[in-house]
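Below is one structure, written out as structure tokens, with a few remarks after it.
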Amino acid sequence: MNKEKRTEIFRRLREHNPEPTSELNYTTPFELLVAVILSAQATDKGVNKATARLFPVANTPEAILELGEEGLKGYIQTIGLFNSKARNILAACRRLAEHHGGEVPEDRKALEALPGVGRKTANVVLNTAFGHETIAVDTHIYRVANRTGIAPGRNVREVEDKLERFTPKEFRRHAHHWLILHGRYVCTARRPRCWECAIADLCEYRHKEAAPAPGKRAAGANRSA
Ligand code: SF4
């Protein structure tokens, strides 16, 4: 894919949603960090439901340490893998309290040293909480980057590196959210909604989906976003 096409794709995604942001609810970098750890293999909606109860009670490392493992589990037990997530969050809180004065560090290495935090989570926090031009490649971005041809790659790191290299500077800050939202609601895994996709004429996917026949509902047609 050439530079002009890429630029036009991001221009259209921006036109559609000038200030995209996370669908996870948070008010501080620490709340975002906890929400992102909880969101692995879980829906944002499910995480928001749990954190709506948790954060008014405990939204600092110290407060969560005070809750303890059983106390924390009481708030997050509706979320998949909550046992290991609770242990990771508590261990991360301990490290934040001991090494970072209870603050979330604005530094990749320090973030990745936190239990339960890998490259993807660090990228989300750096981008969304601190405004860095990082692009966290999740399953949606991986799919969209490969299908469209914006940044094809055989693994998430290859896609991330290409997106960082090829995304025009003016779009880098929000590229992460534009691509995630496009993958979540339009370029869906099972049946991409190519017939109503704003970038269909630029996308290089060879198996574009046609509109469903009249009277037939398309998968995801009742989505709320
Ligand atoms: S045209 Fe289809 S495959 Fe291409 S980005 Fe749009 S929804 Fe995805």
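Everything quoted here is computed from the prediction, not taken from an experiment. When a ligand or atom number is given, it counts from 1 through the structure's own listing order. No hydrogens, no waters, no symmetry mates; every other heavy atom, side chains included, goes into these values.
Heavy atoms only, all atoms of each residue included: G116 and T121 are closest at O-OG1, 4.5 Å. For the residue pair V159 and A145, the shortest heavy atom distance occurs at CG1-CB, 3.6 Å.
Centroid-to-centroid, the aromatic rings of H207 and Y205 come within less than 6.0 Å.
Cation-pi geometry between R11 and F171 is not met: the NZ or CZ atom fails to fall both under 6.0 Å from the ring centre and inside 45° of the normal.
By the 4.0 Å heavy-atom criterion, H182 is counted among the residues contacting ligand 1.
The number of protein N, O or S atoms lying under 2.8 Å from atom 4 (Fe) of ligand 1 is 1.
Using a cut-off of 4.0 Å between Lys/Arg side-chain N and Asp/Glu carboxylate O, R143 and D138 are scored as not salt-bridged.
One finds the NE2 atom of H100 at 5.5 Å from the CG atom of L114 (value rounded to the nearest 0.5 Å).
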